[in-house]
**Student:** 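Can you read through this structure? Questions will come right after.
Quantities reported herein were computed from a predicted structural model and do not represent experimental measurements. Residue numbering restarts at 1 for every chain, and letters A, B, ... go by the order of the sequence lines.
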2 protein chains.
Amino acid sequence: MLDSETKAVETPEDHAEELRLWLRLLTCTTLIEGEVRGRLRQRFDVTLPRFDLMAQLDKAPDGMTLSDVSKRMMVSNGNVTGLVERLVESGHLDRRTSETDRRVQVIRLTKLGRAEFRRMAAEHETWIADLFVDLTPKDVRELMRLLAKTKASAQKSAARRRP
Amino acid sequence: MLDSETKAVETPEDHAEELRLWLRLLTCTTLIEGEVRGRLRQRFDVTLPRFDLMAQLDKAPDGMTLSDVSKRMMVSNGNVTGLVERLVESGHLDRRTSETDRRVQVIRLTKLGRAEFRRMAAEHETWIADLFVDLTPKDVRELMRLLAKTKASAQKSAARRRP
DNA sequence: GCCGATTTCTTTAGGCTTCAAATAATTGGC
DNA sequence: GCCAATTATTTGAAGCCTAAAGAAATCGGC
């Protein structure tokens, strides 16, 4: 068997397909994210990061620490500090220092915060449904599967670099 | 045929699957984007928006107007103004007012800008390949197809709201 | 109990991003 | 040629975001 027949080891590898995939993934996300951001602003005068933070807290009735939030939202600590500050200011969040560990701040939705979030979330869900409306249930399942695989692959790759 | 048997028209529609799909899409993108941003910073001390802008210009040897760039990158005009300002300042971009329409600014990569971009792009491509390495060629094709469908669906939905 | 390492959070500096309003140039109808 | 509408860009205010450095509290050996 000749070298030239063995999987083209010598040629500089062509990753154009993966690159195109990444750009398409990014385009889809940017498109949908922009649409959601605009609607949140128009309908509720709220920003996407605020909405996302409230969404995290809505799933945690007992509250979360800032670190939890920062990990879940995949943003920096400092970012969360400012975000929380503004949401406490506007009365949507309650923030208190943990009894057992005075480094830790526990934040919760206030009654107002929860009520407003639920109202927004209900409408938000219909927007998402509309944005994905042309996908069949099978498309959705298949996308879920492939994105799960993508996420796993990317996490492994990230871990290889930063073990 | 009873009403309760006809596609559950009365029940508030359940869009939980689409919501989960959106969150997974967002997670994948955030994960990869964060990884790319970090590597660009570490290896080349450049930001992702700067890289993206240079990527657009690399594909347009005759230059682009700021509006073109803003549409392609799906960001606001004001955003591009500042980005370009900094890249002109650092010698990567050349900017001139159009001869035929004095409202228009045409920007191009400088020699330095092009050289640096090519160097970064080559490495960038290997990062992307590594991030997607666990996907088979078939996975990639299938994802491309489903994301194209998603993009079309989202664009239609956006157009319905803002015709 | 003490002290170095770690964890949690804040601060700082700089850059990115949006929206809305303002500026400047062009176009089209008359 | 004139003027209203449109188009291209800039500006300003506010908020988002990161990385890195710093402050405060806790933890783990010893």
**Student:** Please identify the 5'-most and 3'-most nucleotides of DNA chain C with any atom under 4.0 angstrom from a heavy atom of chain A.
**Tutor:**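 First-to-last contact on DNA chain C, by the 4.0 Å heavy-atom rule, is C:dT7 to C:dA20.
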**Student:** A:Arg86: what forms a salt bridge (Lys or Arg N to Asp or Glu O under 4.0 Å) with it, not counting sequence neighbours?
**Tutor:**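 For A:Arg86, no residue satisfies salt bridge (Lys or Arg N to Asp or Glu O under 4.0 Å) once neighbours in sequence are set aside.
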**Student:** Once you round it to whole Å, what is the distance between C1' of D:dT11 and CG of B:Asn77?
**Tutor:**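 So the CG-C1' distance, B:Asn77 to D:dT11, works out to 12 Å.
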**Student:** For the NZ atom on A:Lys149, are there more than 12 heavy atoms of other groups (residues, nucleotides or ligands in this structure) within a distance under 6.0 Å?
**Tutor:**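 Check passes, neighbour count above 12.
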**Student:** B:Thr81 near the nucleic acid: base, sugar-phosphate alone, or nothing, with a heavy-atom cut-off under 4.0 Å?
**Tutor:**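 Base contact.
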**Student:** When the nearest nucleotide of DNA chain D is assigned to B:Arg95 and to A:Glu99 on a heavy-atom basis, which residue is associated with the more 5' position?
**Tutor:**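 The residue whose closest nucleotide sits nearer the 5' end is B:Arg95.
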**Student:** Where the side chain of B:Thr65 meets the backbone of B:Gln105, is there a donor-acceptor pair that is under 3.5 Å apart?
**Tutor:**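 No, because the side chain of B:Thr65 does not come within donor-acceptor range (under 3.5 Å) of the backbone of B:Gln105.
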**Student:** Whole-Å distance between D:dA25 P and A:Gln105 CD?
**Tutor:**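 Between P of D:dA25 and CD of A:Gln105: 11 Å.
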**Student:** Please write out each protein N/O paired with an N/O of nucleotides 14-17 of chain D under 3.5 Å, distance rounded to 0.1 Å.
**Tutor:**
{"from": "D:dC16", "atom 1": "OP1", "to": "A:Thr47", "atom 2": "OG1", "distance (Å)": "2.9"}
{"from": "D:dC16", "atom 1": "OP1", "to": "A:Arg50", "atom 2": "NH1", "distance (Å)": "2.9"}
{"from": "D:dC16", "atom 1": "OP2", "to": "A:Arg86", "atom 2": "NE", "distance (Å)": "2.2"}
{"from": "D:dC16", "atom 1": "OP2", "to": "A:Arg86", "atom 2": "NH2", "distance (Å)": "2.3"}
{"from": "D:dC17", "atom 1": "OP2", "to": "A:Asn79", "atom 2": "ND2", "distance (Å)": "3.4"}
{"from": "D:dC17", "atom 1": "O5'", "to": "A:Asn79", "atom 2": "ND2", "distance (Å)": "3.1"}

**Student:** Counting distance alone, no hydrogens or angles: does the base of D:dT7 have a donor or acceptor under 3.5 Å from a partner atom on the side chain of B:Arg103?
**Tutor:**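 Answer yes: a donor N or O sits under 3.5 Å from an acceptor.
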**Student:** Just by distance, do the side chain of A:Arg24 and the backbone of B:Met144 share a donor-acceptor pair under 3.5 Å?
**Tutor:**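 Such a contact is found between A:Arg24 side chain and B:Met144 backbone.
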**Student:** Between B:Arg161 and A:Asp130, does any side-chain N to carboxylate O distance fall below 4.0 Å?
**Tutor:**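 Looking at B:Arg161 and A:Asp130, the cut-off is not met.
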**Student:** Ignoring hydrogens and geometry, is there a side-chain-to-backbone donor-acceptor pair from B:Glu125 to A:His15 under 3.5 Å?
**Tutor:**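 Yes; at least one donor-acceptor contact below 3.5 Å.
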**Student:** On DNA chain C, compare the nucleotides closest to A:Asp101 and A:Glu85; which residue's is nearer the 5' end?
**Tutor:**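 Comparing both residues, the 5'-ward one is A:Asp101.
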**Student:** Please determine, by modelled atom types, if A:Asp94 and A:Thr110 share a side-chain donor-acceptor pair under 3.5 angstrom.
**Tutor:**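 Side-chain D/A pair, A:Asp94 to A:Thr110: absent.
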**Student:** Has B:Thr29 got a side-chain atom pairing as donor or acceptor with A:Leu26's backbone, closer than 3.5 angstrom?
**Tutor:**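 Absent.
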**Student:** Between A:Val80 and A:Arg102, just flag the one whose closest nucleotide in DNA chain D comes earlier from the 5' side.
**Tutor:**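 Whichever sits nearer the 5' end wins; that is A:Val80.
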